[in-house]
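Have a look at the structure below before the remarks.
No hydrogens, no waters, no symmetry mates; every other heavy atom, side chains included, goes into these values.
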Amino acid sequence: MNGLSILSRGILLALIWWLLTGGDAASWWIGVPAVALALIISIALLPSSNLVWHEFLIFIPFFLLRSLLGGVDVARRAIDPRMPIAPTLFEYPLRLPIGLPQIFMANTVSLLPGTLSAELSTNCLTVHVLDCRGGFLAELEAVEQRVARLFDTSLKTSNGDE
Amino acid sequence: MSIAHFYALVGVGLISLGLYALIVHAHLLRKILAINVMGSGIFLLLVALAKRTGTALPDPVPHAMVITGIVVAVSATALALTLMLKLSAQTGCAELPDDEKE
Amino acid sequence: MTLIDYLTVVLLLAGAIFFFAGTVGLLRFPDVYTRLHALTKADNVGLGLMVVALAIQAESWAAVGKLLLIWLLVMLAGASVAHLVARGALRRGIRPWKQ
Amino acid sequence: MQTFYLALALFLLLTLGAGMWRVLRGPTAADRMLAAQLFGTTAVAVLLLLAQASGNAALRDVALVFALLAAVTAVAFVQRAWPKQKQEQEQPQETERDVD
Amino acid sequence: METVMVAWMFDSLLGLGLLWLAWQSLACSDLFKAIVLFIAFGLLMALAWVRLEAPDVALAEAAIGAGLTGALLMVALAQLQSIETNGDAAVATVKKGHCIRPLQWLLLIALSLMATGLGYVIISFPAHVPGLSTAVATHLEASGVSNPVTAVLLNFRGYDTLLELVVLLLALLGVWSLGGTVPQQTTTPAPLVLEALTRLLVPMLILTAAYLLWVGAHAPGGAFQAGSVLAAAGVLLLLIGRHPRAALMALPLRLILVLGPATFVAMAVVTMLIEGALLKFPPEHAGKLILLLETTAMLSIGATLAALFLGGRRHTDKEHS
């Protein structure tokens with residue numbers, strides 16, 4: 001883990017401390033040791049990942065919009081008297097590198113319209129799809145692209161569609 | 001009736017429910033739940049009665065007692081669960097032996 | 001009531017509708033997987049709208065940040081728990097409902 | 001405004017009550033657990049509303065603790081308490097009745 | 001006026017919901033269902049504390065009720081079921097309630113008499129009593145903190161808290177003396193998503209615990225709440241199969257466990273010698289001394305609760321392997 005990513009993680013934790021305490025300057029007597037301890041534990045627990053921070057600025061609005069649509073979509077189906085759902089299981093071959101990118105993808109997918117990740121095994125994400133008639137595959141591919149950019153990796157080309 | 005009285009009555013209800021279940025049920029896990037419900041009822045009674053200060057802040061002394069009470073209750077529950085598991089591992093049954101039948 | 005207040009009211013009501021829809025889905029949907037869809041997504045959006053509604057009323061930036069942090073944590077926990085429950089259900093051979 | 005916040009909190013409490021039906025009904029252990037999850041999220045929303053209604057910022061901390069620990073019970077369930085391949089076969093019957 | 005009415009509706013629904021959940025939890029046939037209902041009951045209790053203007057209590061209930069209680073009960077039930085399936089169905093015959101019908105009715109009558117009596121006493125209580133709140137308010141200045149609940153816990157009635165810490169320790173000793181040795185772990189690896197969740201949450205839980213410790217001096221929070229949040233971090237780590245090594249379990253854990261009570265006792269002795277009274281702090285140093293006490297108490301409470309969770313698991317793990 002390099003110095004820069006430790007520093008940025010430390011800043012993030014310090015920012016959270018600031019949020020929690022409402023910016024009280026006197027709180028840093030406890031805040032500094034607490035942030036340091038949390039940082040040490042977090043380094044021990046969580047391996048470094050090359051997150052591209054500025055990509056978040058693009059990812060967040062995309063994610064918020066899609067998850068809002070996800071909520072609208074499922075709410076509509078739940079309230080509609082006919083309950084238009086046609087669920088199916090779908091095995092999506094992941095092209096992201098193993099580790100945090102895949103986990104991030106699995107968690108993101110669960111909040112997007114009509115998809116719920118149900119199993120994450122090596123390079124394969126089993127997705128429960130609420131309505132198999134929709135274009136969920138294009139959605140999954142789009143998310144994968146964006147997650148790849150977020151983690152500064154390229155998708156493996158073994159599937160031939162890159 | 002004020003809100004304090006209302007919650008205090010709910011507390012009494014919980015105590016009675018818990019006590020009844022504690023006596024009636026044979027299964028030990030259920031007895032442990034029942035004791036916890038009773039405890040919650042007593043805590044509710046204490047905190048509700050502490051609110052009768054009018055407009056001022058509620059009486060902090062019962063609050064402090066209840067906070068420690070909650071933590072002590074959970075550790076007592078852990079001990080009781082261990083005892084239950086120990087008993088059922090030895091007798092194959094998570095119930096107390098019935099005196100009348102034996 | 002100022003314009004901000006109206007906005008808060010609208011967003012809060014919208015949030016409440018999503019919570020309602022989530023519960024309807026929990027009650028109506030046919031199997032555990034579809035219910036997970038309803039609960040995770042609808043409640044997440046419902047809470048999100050409420051957080052935004054309350055954030056524009058908040059007294060300081062730190063309070064706004066704390067509200068957003070709460071939402072983020074619920075989102076993380078919700079998505080993870082949904083995955084874990086769906087995974088467990090698959091592994092235990094609970095078959096997804098098909099029409 | 002205060003009345004409105006409280007009324008919304010009341011409404012959320014009512015949806016919680018409706019969600020209890022799923023806990024009682026099941027049919028699988030996972031369904032019951034889901035309702036507990038619903039309780040967690042909704043309680044966070046209720047706490048935030050109460051915090052706004054009473055002007056007591058400390059209630060946000062309660063909501064924060066709820067949000068942080070919402071997953072612990074579910075994790076305990078998934079990792080430890082979920083019976084492995086026990087007859088959770090009531091599923092098809094229940095679904096047939098629930099459709100249409 | 002409307003606000004009061006809506007508040008009353010909220011409170012009635014909450015109160016009745018609490019009673020209903022407790023009743024269902026204690027009466028339903030399925031034990032797992034009973035536990036889920038009990039967890040829901042705990043979550044609603046936290047809302048009741050909020051309505052009763054007891055946010056300190058709500059924090060403690062949220063930390064314990066949402067995290068520890070549920071995990072403890074679920075794990076215990078799973079172990080119980082594995083014992084029962086291993087040890088044949090000889091149990092199934094004695095499942096019925098062991099109380100004879102007429103006695104049950106007698107009990108019901110006695111309990112309703114008790115409840116009516118208690119209810120009558122409560123109704124006849126005066127609506128406004130200052131209690132000890134004025135006494136606390138007048139001495140709050142000298143306590144070293146501005147949150148009255150923390151002042152009561154750590155200063156005015158510090159001896160209570162001291163004994164409470166000892167009780168926690170005794171409970172753990174009880175569990176340990178029943179539990180046997182630390183087992184060899186043979187758990188399957190945790191799902192990746194769960195690993196990631198835990199790794200993200202644990203630093204957050206540590207920060208939050210520290211925050212609750214700090215904020216307890218002037219707003220709701222304090223050592224008990226912070227300790228419970230810390231314990232939740234420990235429980236999460238234990239649930240994904242991250243066990244402390246046996247070497248680490250022995251001495252350092254024991255030191256942390258006694259750190260809180262030991263500091264308290266030391267402080268009690270010192271104040272007795274200097275100030276002439278048990279846990280009577282000089283006002284000018286009270287704030288710092290309370291912070292010291294709270295920090296050690298938090299660590300001990302967190303470690304004790306997490307160890308209680310681990311301790312409950314030991315003996316079945318041993319049986320499994």
Q. Of the backbone (N, CA, C, O) and the side chain (C-beta and beyond), which part of E/V215 lies under 4.5 Å from a heavy atom of chain A, both, or neither?
A.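 The answer is neither part of E/V215.
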**Q.** Partner set under ring pair (Phe, Tyr, Trp, His ring centres under 6.0 Å) for E/F156, not counting sequence neighbours
**A.**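 By the ring pair (Phe, Tyr, Trp, His ring centres under 6.0 Å) rule, E/F156 matches no residue at all.
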Q. What part of A/L13 lies closer than 4.5 angstrom to a heavy atom of chain E: side chain, backbone, both or neither?
A.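 A/L13 touches chain E through backbone and side-chain heavy atoms alike.
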Q. Are the side chains of A/D24 and E/W214 in touch, meaning some heavy atoms are under 4.5 Å apart?
A.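 They are in contact (side-chain heavy atoms under 4.5 Å apart), so the answer is yes.
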Q.
In the structure I gave you, are the side-chain heavy atoms of A/L45 and E/L237 within less than 4.5 Å of one another anywhere?
A.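 Side chain of A/L45 against side chain of E/L237, heavy atoms only: contact under 4.5 Å found.
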Q.
Only pairs of heavy atoms separated by less than 4.5 Å count here; which of A/L120, A/I40, A/T21, A/N107 has the most with chain E?
A.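 The candidate making the most pairs under 4.5 Å is A/T21.
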(Q) If we define contacts as heavy-atom pairs under 4.5 Å, which of A/W17, A/W29, A/F104 has the most with chain E? (A)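 Sorted descending by pairs with chain E, the first entry is A/W17.
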Q: Nearest 0.5 Å please: distance from the CG atom of E/L200 over to the CG atom of A/L100.
A: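 Output value for this atom pair is 7.5 Å.
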Taking distance alone, no hydrogens or angles, what donor-acceptor pairs closer than 3.5 Å link side-chain atoms of residues 202-213 of chain E to residues at least two apart or in another chain?
residue, atom, partner, partner atom, Å
E/T208, OG1, E/M204, O, 2.7
E/Y211, OH, A/L20, O, 3.2
E/Y211, OH, C/K66, NZ, 3.0
E/Y211, OH, D/D61, OD1, 3.2
E/Y211, OH, D/D61, OD2, 2.7

Q. Would you find more than 12 non-hydrogen atoms of other residues, nucleotides or ligands less than 6.0 Å from E/H218 atom NE2?
A.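 Yes.
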Q | More than 12 heavy atoms of other groups within 6.0 Å of E/E284 CD | A |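 Enclosed: over 12 neighbouring heavy atoms sit under 6.0 Å from CD of E/E284.
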